[in-house]
Structures are given as C-alpha cells and as structure tokens.
Amino acid sequence: MKTFELKVIAMDKVFYKGECELLVFPAVDGEQGVMADHEPMVSAVKAGELRYHLSGAVRSAAVGDGMIEITKNGVVILCDFAEYPEEIDILRAERAKERAEERLKIKESNKEYIHSQAALSRAMARLKVTSKAKRI
Ligand code: ATP
C-alpha cells in the first residue's frame, strides 16, 4: 500500500515521525481516515483515539485536541498530548474523569464548564485506548 509521511507533534514531544499507510484520527464529526494522495486540507482534531497503520500493523494512541494539516508532502498533527496505551496510568485517568464529572454536576461559570468538559474529554480519550488495548 502506498505510504505518506506522518508527523504527530504533541505539546511536549515529537510523538511519531515516520511512514504511514492509513491514519484514522478523531475529527469533530467522528473518525476520519487519511490515505496517501488525500486532498489537501486543514481541520480540527478532537481528543480521542488515533490509529496509524503500517506494514500490516496498527498502533493506537490517545490524543488531545489539536489540528491536522494534510498536504502533498504528508500529514502533520499538532495536539495537546499524544500517548500510547502503555504510557497511560489508568487509575489517574479514572480519577480525572470522576473529578471532571463531579465538577460538571455543579453550577460552574462558562469558563469552568469548558475547562471541566475538556478535562473529561482528555480522560475519556485515555480510557478509550487503554480499555481497547486490554481486550487485544
Ligand atoms: P490530570 O488531572 O490527571 O493531571 P490532565 O488531563 O489534566 O490529567 P494533562 O494536562 O492532559 O492532564 O497532562 C499533563 C501531563 O500529565 C502530561 O505530561 C500528560 O502526558 C500526563 N498525564 C495526564 N494524565 C495521564 C495519565 N492518565 N497517564 C499518564 N500520563 C498522564
């Protein structure tokens, strides 16, 4: 299968830089797939699960909110965080989820509400990839 260059850059590190045959990323309206020769575009990435396929293998990772740029030279994702399942502390993510849910139950300011929603999305993204990894 034809490959393209994928770069996933998180706030604190270059998470992945290499060849990719198929990328599936969390978009605003659900999962979106990218293969070589995809039309150029810039779009939002939502916190969730990212998967990249190469040589019959697939790697899954949790990513935070960000942007994706697709050009004829390849694909760049800039995101808040990117973590492989084995890097994720499940208990920590469960606690972060519970904290965010508790905060969302009380009346918060708009700013606090957005903050809690974002924290919940990050925790859910982490838990999603770890729960899938456990099943494999
Ligand atoms: P928490 O409230 O647990 O800190 P958070 O969503 O606010 O979670 P982030 O701001 O996204 O955390 O990340 C801060 C740092 O902590 C980053 O380096 C991130 O990789 C790390 N981190 C956050 N949650 C986890 C986790 N569950 N497992 C491993 N590392 C984590």
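Read the numbers this way: they start at 1 and go in the same order the structure lists the ligands and their atoms. Note that the coordinates shown come from a computational prediction; the quantities given were computed from them, not determined experimentally. Index from 1, following the sequence.
When the options Lys97, Lys13, Arg92 are ranked by their closest heavy atom to atom 30 (N) of ligand 1, first place goes to Arg92.
Of all protein heavy atoms, the one closest to atom 20 (O) of ligand 1 is Glu83 OE2, 2.5 Å. The protein heavy-atom contact nearest to atom 11 (O) of ligand 1 is Arg126 NH2, 3.0 Å. The protein atom (non-hydrogen) at minimum distance from atom 6 (O) of ligand 1 is Arg122 NE, 2.6 Å. For atom 29 (C) of ligand 1, the closest non-hydrogen atom on the protein side is Glu87 O, 3.4 Å.
In this structure, Ala27 and Gln32 approach most closely via the heavy-atom pair CB-OE1, 3.9 Å. Scanning both residues, Val63 and Ala82, for their nearest heavy atoms gives CG1-CB, 4.1 Å.
A heavy-atom distance below 4.5 Å is found between the side chains of Arg126 and Glu83. Using a 4.5 Å heavy-atom cutoff, the side chains of Val34 and Phe4 are in contact.
Hydrophobic clustering, with ILVMFWY side chains joined whenever heavy atoms are under 4.5 angstrom apart, groups Ile77 together with Tyr16.
The contact set between ligand 1 and Asp89, taken as ligand atoms under 4.0 Å from a residue heavy atom, comprises 26 (C), 27 (N), 28 (N), 29 (C). Less than 4.0 angstrom separates some heavy atom of Ala93 from each of these atoms of ligand 1: 27 (N).
Of the listed residues (Val28, Ile68, Ile70), just one forms a side-chain contact (heavy atoms from CB on, under 4.5 Å) with Ser43, and that residue is Ile68.
Taking the six-membered ring where the residue is Trp, the centroids of Tyr84 and Phe15 are separated by under 6.0 Å.
Contacts between Arg95 and ligand 1 below 4.0 angstrom, taking non-hydrogen atoms only, are absent altogether.
Protein heavy atoms are absent from the 4.0 Å sphere centred on atom 17 (C) of ligand 1.
Within the structure, the closest approach of Arg99 to ligand 1 falls below 4.0 Å when heavy atoms are considered.
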